[in-house]
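Scroll down for the structure; my scribbles are underneath it.
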Amino acid sequence: MLVTWMDEQLAAAGISRTGEVGEPRVRPWSTVLSAPTTAGPVWLKQTGAANGFEAALYEILLDVAPHRVLAPIAVDTDRGWLLLPDGGDPVGWDLPPDDLVTVLTDVLPHYATLQRDLAPHVDRMIAAGVTDMRPEIMPTRFAEAVAVVGGLPEVEAREPEFREWCARLAASPARASLDHNDLHPANILVNAGIRFYDWGDAVIAHPFAAMFVPLKVLLDKLGPQAPGTLRVRDAYLEAFTDLAPRAELVAELDLACRVAKVARTLVWARAIKTDPGEWADAPRETLLTLLADSYY
């Protein structure tokens, strides 16, 4: 059925498949097929039930910021299918740390601008199925995250403090927007302009929550107070300096990334619900990081 749909949509776009369909990635949350065509490689993504919203989200992204995403050849929002052109190699995981800092310093301010452009469309994205992880709802999500990992008394003890963080973020002048929730280097394309893809983990949250994953990548490579890590953080925050002094933005980012650990826990849980496999411990391990005294 998937291949038939692919061929039909390619034909409708004036494209022909020139070889066999490959299956390069099968995960509990999605299946991705690839095929050579007269227009170059194409990719067919079949989303899982938990992230079927991705197809509908693409339509919003194309409407608001078409230059920041791959333009699908075809979308089936009812079945959660996306047929995408090839975007070239992503930034990837293999860059030396200094080079990765340079790339992220250039790329992440564009993601921040995308978030500000998308902020007026939050209700539309939630209606499309993107999960609401805004600060005002996160105390409820905290209880859900604790339940989904089977209880963690040491984490539960931090609930009053977590509620305080959420209240502070809810009062922020930075409007809630789209948190990619998995914004690592392999989900960033730079070959033909800066574009972001693989939106199946996305949620609506405080915008700074989107920095949890890229900063975690840098923290693992460089350390929390390394000049490169701080350079990337500050480059991202530059897009928000009209809202508050930089010191306040830095403190708010720290809180948002801490709160983001609960959202990330729940995103992991929904992704592996049908087949935990090798990722079975990911929700619990993620929630345990909430015990740290900062976001890292």
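Residue numbers start at 1 and run along the sequence shown.
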### Atom of Phe142, atom of Leu290 and distance for their closest heavy-atom approach
CE1-CD2, 3.7 Å

### Query
What are the two closest non-hydrogen atoms of Asp179 and Ala209, and how far apart are they?
OD2-CB, 3.7 Å

### Task
Tell me whether Leu178 is reachable from Leu82 by hopping between hydrophobic residues (I, L, V, M, F, W, Y) whose side-chain heavy atoms are closer than 4.5 Å.
yes

### Message
A side-chain contact here means heavy atoms from C-beta on lying under 4.5 Å apart; do Asp7 and Val3 qualify?
### Response
yes

#### Entry: Shortest non-hydrogen contact between Arg264 and Asn181, atoms and distance
NH1-O, 2.8 Å

### Message
As a quick check of understanding, evaluate side-chain hydrogen bond (donor to acceptor under 3.5 Å, both in side chains) for Thr131 and Arg270, giving each step before the final call.
### Response
CA-CA 11 Å; Thr131 302; Arg270 80 184 184 193; 2.9 Å; yes

### Task
Could you tell me whether the side chain of Leu44 reaches within less than 4.5 Å of the side chain of Val42, counting heavy atoms only?
no

### Query
Any chain of hydrophobic side-chain contacts (each under 4.5 Å) joining Met133 to Ile126?
no

### Message
Looking at Asn187 and Asp182, would you say the former's side chain and the latter's main chain have a donor-acceptor pair under 3.5 Å?
### Response
yes

### Query
So do Met125 and Leu118 actually touch side chain to side chain, heavy atoms under 4.5 Å?
yes

### Task
Establish whether Val32 and Val75 are linked, either directly or via other cluster members, by ILVMFWY side-chain heavy-atom contacts under 4.5 Å.
no

### Query
Is the shortest heavy-atom distance from the side chain of Arg246 to the side chain of Glu238 under 4.5 Å?
yes

### Task
Quick one: closest heavy-atom pair of Gly87 and Arg195, and the distance?
O-NH2, 4.0 Å

### Query
Quick one: are Leu287 and Val262 in side-chain contact, heavy atoms under 4.5 Å?
yes

### Task
Could you state whether Met138 and Phe208 fall into the same hydrophobic cluster, counting links through intermediate Ile, Leu, Val, Met, Phe, Trp or Tyr residues with side-chain heavy atoms under 4.5 angstrom apart?
no

#### Entry: Glu54 and Thr47: side chain donor to acceptor below 3.5 Å
no

### Task
To the nearest 0.5 Å, tell me how far Asp63 CG sits from Tyr58 OH.
15.0 Å

### Task
Indicate yes or no: at least one non-hydrogen side-chain atom of Pro185 is less than 4.5 angstrom from one of Leu100.
yes

### Query
Where do Met211 and Leu253 come nearest, in terms of heavy atoms and distance?
CG-CD1, 4.0 Å

### Message
Checking the side chain of His180 only, and the main-chain atoms of Tyr197 only, is there a donor and an acceptor separated by less than 3.5 Å?
### Response
yes

### Query
Do Ile204 and Leu114 share a hydrophobic cluster, counting only Ile, Leu, Val, Met, Phe, Trp and Tyr and linking them when any side-chain heavy atoms are less than 4.5 Å apart?
yes

## Note on the structure
For Val122 and Arg134, the nearest pair of non-hydrogen atoms, with its separation, is CG1-NH1, 3.8 Å

### Query
From Leu288 CG over to Glu154 CD, what is the distance, rounded to the nearest 0.5 angstrom?
6.0 Å

